Protein chains: 2
Amino acid sequence: MKEFTEPQSTKTSPRSSLSRAAHAHQQLMEAIRSGQLKPGQRVRETDLAEQLQISRTPVREALHRLQSEGLIVNAPQRGLIIAELDYQQIMELYQMREVLESTAAGLAAKHASEPEIYALREMISKQQDCLDDAEAQAHHNRLFHNALYHASHNRYLLKTLNSLKDAMVLLGATTYKVPGRSETALEEHRAIVDAIEKGDRTAAEDITREHIRAAQKARIELINQG
Amino acid sequence: MKEFTEPQSTKTSPRSSLSRAAHAHQQLMEAIRSGQLKPGQRVRETDLAEQLQISRTPVREALHRLQSEGLIVNAPQRGLIIAELDYQQIMELYQMREVLESTAAGLAAKHASEPEIYALREMISKQQDCLDDAEAQAHHNRLFHNALYHASHNRYLLKTLNSLKDAMVLLGATTYKVPGRSETALEEHRAIVDAIEKGDRTAAEDITREHIRAAQKARIELINQG
DNA sequence: TTTAGAAAAAATATATATAAAATTTATAGG
DNA sequence: CCTATAAATTTTATATATATTTTTTCTAAA
């Protein structure tokens with residue numbers, strides 16, 4: 001079996017200060033994101049150890065971590081496989097995001113510092129600059145949401161939302177491929193930050209809830225098209 | 001150092017079909033719950049391997065898992081220690097529970113099946129039967145909340161709430177030790193199930209939010225007494 | 001004393017070897 | 001041709017050995 005292609009000088013290649021286990025985890029996440037590893041596909045310690053040129057021990061740790069994150073599941077009669085989310089589970093995922101992201105925005109409206117709000121605005125402006133590139137949009141979108149999680153100043157919320165974000169990798173194509181979604185999402189981000197800046201908790205919650213619902217609708221559209 | 005006392009035939013001794021790693025994890029959780037391992041205390045692979053009479057490998061896995069669950073943290077200059085939650089973090093924990101438990105109750109009002117509602121009532125009745133025993137109350141309380149999580153029919157919510165429940169172990173003494181808390185909590189549980197049975201989502205959410213807030217107040221009371 | 005730095009000690013990360021499970025394949029009986 | 005069972009194979013779990021890294025201890029200079 002062929003080894004994972006590891007693009008050299010890209011921003012995706014952070015480097016060797018990482019433990020081998022952490023590195024393996026990153027590589028696997030990236031392989032899932034890029035589609036080199038597809039949902040349902042089997043994953044074996046031995047294979048990965050060989051492909052990544054390390055021993056089985058750190059691979060094992062990475063696999064355990066991915067299991068606890070729900071990206072890999074132990075399928076009876078099949079062994080470890082990349083998790084396949086069915087429609088129901090995807091809806092549960094968005095339902096959860098709706099609750100948690102709106103909570104994060106609401107808390108940010110109460111607790112975000114001026115520099116944190118500034119950072120959110122910066123990200124929106126970066127996103128504005130690449131409205132035509134769906135992948136870049138998705139990247140900046142992730143950064144925005146991450147900054148929002150931090151601004152909530154609740155560590156459990158932060159951790160859980162990060163975990164949900166990772167699970168989103170399993171869904172494949174970004175919803176920014178849906179025509180018009182980029183522009184709408186950008187507007188929604190602006191409205192969220194406006195509400196946070198005003199300290200309007202309820203508005204921040206409501207707008208964010210609608211933002212996630214819109215993303216969910218775009219996702220359903222993508223699913224129904226195949 | 002002395003070995004962990006492992007009470008034999010109690011309900012806490014599930015047995016050997018478990019992998020060693022899973023067993024180690026259980027033992028550690030139990031040691032934390034029982035106070036044999038206290039927050040801030042150092043935890044070493046080698047020690048545990050010796051105490052549990054197994055090799056370092058499964059101990060390592062258990063420790064990693066506890067780390068990802070937040071029960072153990074890697075303190076710079078000190079190594080692995082049992083996590084110590086400061087006041088702020090405890091508040092964040094209850095804030096998160098407030099959001100998630102109320103969401104779970106709201107979803108249960110929409111999706112719980114008749115047998116699931118029946119199970120909730122059974123648990124309330126069991127709890128009624130041991131109003132004088134704080135530990136037993138705490139046990140039945142955990143079962144009740146667990147059943148509530150399941151009734152929400154959202155796997156991400158279930159998983160996250162279970163994780164929060166585990167983190168609660170770090171808080172030590174149960175809030176059922178606060179005079180009158182048992183009786184009040186029981187009434188609140190009844191009100192929650194009533195709302196669920198009626199399919200009244202908003203009521204289920206509101207009552208549950210208040211239930212968690214009451215628990216938080218009891219917790220604060222415990223903290224302030226030392 | 002205090003503090004920087006080297007040496008020693010301890011602990012963790014990784015590799016590899018062995019044991020135990022689980023899965024697949026092969027074979028005999030229906 | 002199907003089914004059940006056992007042998008063979010693969011894969012994972014655990015143990016142990018080795019390599020790195022981190023912490024501690026000791027020493028010497030300020």
Side-chain angles (χ1 to χ4, degrees), chain A residues 1-4 6 14-29 31 37-84, chain B residues 1-4 6 14-29 31 37-84:
Chain A
M1 186 184 280
K2 64 180 183 306
E3 290 169 18
F4 291 139
E6 189 172 350
R15 209 40 342 91
S16 50
S17 65
L18 236 31
S19 75
R20 295 188 213 265
H23 184 241
H25 181 264
Q26 269 198 189
Q27 291 282 302
L28 287 169
M29 281 289 282
L37 290 175
K38 296 188 211 328
Q41 187 175 337
R42 232 186 128 182
V43 179
R44 272 178 294 242
E45 271 182 36
T46 333
D47 288 2
L48 295 174
E50 191 180 350
Q51 286 169 262
L52 297 171
Q53 303 273 25
I54 58 180
S55 81
R56 281 176 45 212
T57 309
V59 170
R60 238 180 118 63
E61 288 188 8
L63 291 179
H64 275 129
R65 193 165 148 203
L66 287 167
Q67 273 188 81
S68 88
E69 293 168 351
L71 293 184
I72 287 181
V73 295
N74 201 327
Q77 243 67 0
R78 282 219 285 167
L80 291 184
I81 61 171
I82 306 294
E84 304 180 271
Chain B
M1 186 184 280
K2 65 178 180 306
E3 289 168 20
F4 293 138
E6 190 171 349
R15 123 246 20 274
S16 49
S17 65
L18 238 31
S19 75
R20 296 188 212 264
H23 183 242
H25 182 265
Q26 267 196 193
Q27 291 281 303
L28 286 168
M29 281 288 283
L37 290 175
K38 295 189 211 326
Q41 185 174 340
R42 230 186 131 182
V43 180
R44 272 179 296 243
E45 271 182 35
T46 332
D47 289 1
L48 295 174
E50 191 180 352
Q51 287 169 275
L52 297 171
Q53 303 275 28
I54 57 180
S55 82
R56 280 174 47 214
T57 308
V59 171
R60 238 180 119 61
E61 289 188 7
L63 290 179
H64 276 129
R65 192 166 150 202
L66 288 167
Q67 273 188 81
S68 86
E69 293 168 351
L71 293 184
I72 286 182
V73 295
N74 199 328
Q77 244 67 1
R78 282 218 284 166
L80 291 183
I81 61 171
I82 306 294
E84 304 180 270

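The figures that follow rest on heavy atoms only: side chains count, while hydrogens, waters and symmetry mates do not. On a predicted model such as this, the values are computed, not experimentally measured, just so you know. Quick note on labels: first sequence line is chain A, next is B, and so on, each numbered from 1.
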(message) Tell me every residue that passes side chain to side chain donor-acceptor pair (under 3.5 Å) with A:E45, counting only those two or more places apart in sequence or in another chain.
(response) A:R56, A:R60
(request) Mind calculating the distance between CZ (A:R44) and C1' (D:dT12) to the nearest angstrom? (result) 12 Å
(request) Using a 4.0 Å heavy-atom cut-off, write out nucleotides 13-25 of chain C from 5' to 3' as B (base contacted by protein), S (sugar-phosphate only) or - (no contact). (result) BBBBB-----S--
(message) My understanding is that only residues two or more places apart in sequence, or in another chain, count here; which of them pass side chain to side chain contact (heavy atoms under 4.5 Å, CB included) with B:S55?
(response) B:T57, B:P58
(request) Under the salt bridge (Lys or Arg N to Asp or Glu O under 4.0 Å) rule, collect the residues that match up with B:R42, sequence neighbours excluded. (result) none
(request) Hey, could you give me each pair passing salt bridge (charged side-chain N to carboxylate O under 4.0 Å, His left out) that has a residue in residues 65-75 of chain B? Not counting sequence neighbours. (result) B:R65-B:E69
List the atom pairs, donor and acceptor, that lie under 3.5 Å between side-chain atoms in residues 72-81 of chain A and the rest of the protein, sequence neighbours left out.
residue: A:R78; atom: NH1; partner: A:G40; partner atom: O; Å: 3.3

